[in-house]
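Report on the structure given below.
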Amino acid sequence: MGKITVKLEGIADRMRAAFADKDEAREKALTDSREAVRYCSESIRATHRGEYDQARKKLSDVKQMLEALDGALKDHPDLLHSGFVYSAQKEYVEGCATLSLITETTIPDPDEMGVGPAAYLNGLAEAVGEMRRHILDLIRKGETARCEELLTAMDDIYGVLVTMDFPDAMTGGLRRTTDATRGILERTRGDLTVTARQWELERKLSKFDHKTK
């Protein structure tokens, strides 16, 4: 075997070892990211059920998972900035924002959460959909004042999203998400307006019935 061939074999051995290391890191990161997404979903369900301590515990676990991912992938920045890590970060933001909005606490900022701008903004947008779900639950309970407060919060989030006029490659497709958010906001505002009018009509009819008795 010639000297050149021997040198190439040594390089090939190093390349195989590098790829094997990256593949192992990727498989573990995929598993951990899916677990983080599952925990976020469970946290959101717990929030809607009013189980806030359980929701906070799930989100605390997710934060630790994401921090562990950062450490595990520090030598593989391409994996750290890949789609599956981004998805886990986005779901984490959605879970935190949903809990904060429903419990009337401040939404954590991206630095505190350890996520990038695209994941943060898209996660906030996803939380608007969860607020619609919560508002519909409140409508059934007749809690109008709280509905109005949440609608204002949804409008505030949309007001931030619509100012982010940058390429989709930078924002993770935020323009499309913002359009969907506007649709959710308009439908929710319409539902709340119709419901408020119904409640007002029922109130007037009740007063009228009381006077005629």
Side-chain angles (χ1 to χ4, degrees), residues 25-26 28-48 51-131 134 149-150 152-182 184-185:
R26 178 181 178 277
K28 186 175 188 316
L30 272 170
T31 300
D32 291 348
S33 295
R34 291 190 187 113
E35 186 79 349
V37 169
R38 182 173 67 83
Y39 271 46
C40 289
S41 297
E42 291 173 354
S43 169
I44 290 171
R45 287 199 296 272
T47 298
H48 282 300
E51 299 168 355
Y52 303 132
D53 287 341
Q54 182 179 345
R56 290 187 187 95
K57 175 64 169 63
K58 289 288 183 182
L59 291 172
S60 175
D61 290 342
V62 173
K63 184 174 177 60
Q64 292 178 23
M65 291 178 191
L66 293 177
E67 288 172 350
L69 274 173
D70 282 346
L73 298 178
K74 65 182 178 183
D75 295 329
H76 306 284
D78 54 333
L79 295 180
L80 183 59
H81 298 100
S82 64
F84 53 86
V85 176
Y86 165 80
S87 294
Q89 291 178 341
K90 177 170 68 75
E91 295 294 321
Y92 175 53
V93 174
E94 180 186 359
C96 289
T98 298
L99 179 62
S100 296
L101 289 166
I102 289 178
T103 59
E104 301 182 67
T105 56
T106 303
I107 299 173
D109 72 27
D111 292 336
E112 182 182 347
M113 300 176 75
V115 303
Y120 188 76
L121 292 170
N122 280 280
L124 285 182
E126 297 291 341
V128 170
E130 296 301 330
M131 289 310 97
H134 187 60
E149 291 172 1
L150 288 171
T152 298
M154 292 164 69
D155 202 24
D156 289 344
I157 290 173
Y158 174 71
V160 170
L161 299 178
V162 79
T163 65
M164 301 295 164
D165 188 19
F166 299 98
D168 283 348
M170 293 173 58
T171 64
L174 185 63
R175 185 177 289 107
R176 183 175 60 254
T177 307
T178 300
D179 289 342
T181 301
R182 184 180 65 245
I184 292 170
L185 185 58

message: Using the rule given for side chain to side chain contact (heavy atoms under 4.5 Å, CB included), can you reason through Ile44 versus Glu126, listing the C-alpha separation, both sets of side-chain angles and the distance that settles it, and then say yes or no?
response: CA-CA 11 Å; Ile44 290 171; Glu126 297 291 341; over 6 Å; no

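- We find the CG-SG distance between Leu99 and Cys40 to be 11.5 Å, quoted to the nearest 0.5 Å.
- Under a 4.0 Å N-O distance rule, the pair Glu94/Lys90 does not qualify as a salt bridge.
- A heavy-atom distance below 4.5 Å is found between the side chains of Ile102 and Met131.
- Legend: side-chain hydrogen bond (donor to acceptor under 3.5 Å, both in side chains) pairs involving residues 35-44, not counting sequence neighbours, sorted by first then second residue: Glu35-Arg38, Arg38-Glu42, Glu42-Lys58.
- Within the 4.5 Å cutoff, side-chain heavy atoms of Ser100 are placed close to those of Pro108.
- Side-chain atoms of Val93 and Gln89, non-hydrogen and from C-beta on, never get closer than 4.5 Å to each other.
- Within the 4.5 Å cutoff, the side chain of Phe84 has no heavy atoms near those of the Leu69 side chain.
- Nearest approach of Ile184 to Gly129, heavy atoms of both residues: CD1-CA, 4.0 Å.
- Atom CD in Glu91 sits 10.0 Å away from atom OH in Tyr86 (nearest 0.5 Å).
- Counting only heavy atoms from C-beta outward, the side chains of Glu130 and His134 never approach each other to under 4.5 Å.
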Do any side-chain atoms of residues 154-173 form donor-acceptor pairs under 3.5 angstrom with protein atoms, and if so which ones, sequence neighbours left out?
residue : atom : partner : partner atom : Å
Thr163  : OG1  : Val160  : O            : 2.6
Asp165  : OD1  : Arg175  : NH2          : 3.3
Asp168  : OD1  : Arg175  : NH1          : 3.3
Thr171  : OG1  : Pro167  : O            : 3.4
Thr171  : OG1  : Leu174  : N            : 3.2

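- Separation of atoms SG (Cys96) and OH (Tyr120) is listed at 9.5 Å; rounding is to 0.5 Å.
- Heavy-atom minimum distance, Ala127 versus Ala97: CB-CB, 3.7 Å.
- Nearest heavy-atom pair, Thr181 versus Ala125, reported as atom, atom and distance to 0.1 Å: OG1-CB, 3.5 Å.
- Summarising the geometry, atom CZ belonging to Arg26 is positioned 10.0 Å from atom OG1 belonging to Thr31; distances are rounded to the nearest 0.5 Å.
- Within the model, atoms CD1 of Ile107 and CG of Leu101 stand 4.0 Å from one another, a figure rounded to the nearest 0.5 Å.
- For Asp109, the salt bridge (Lys or Arg N to Asp or Glu O under 4.0 Å) criterion is met by no residue, not counting sequence neighbours.
- Under the 4.0 Å criterion applied to side-chain N and carboxylate O atoms, Asp179 and Arg176 are not assigned as salt-bridge partners.
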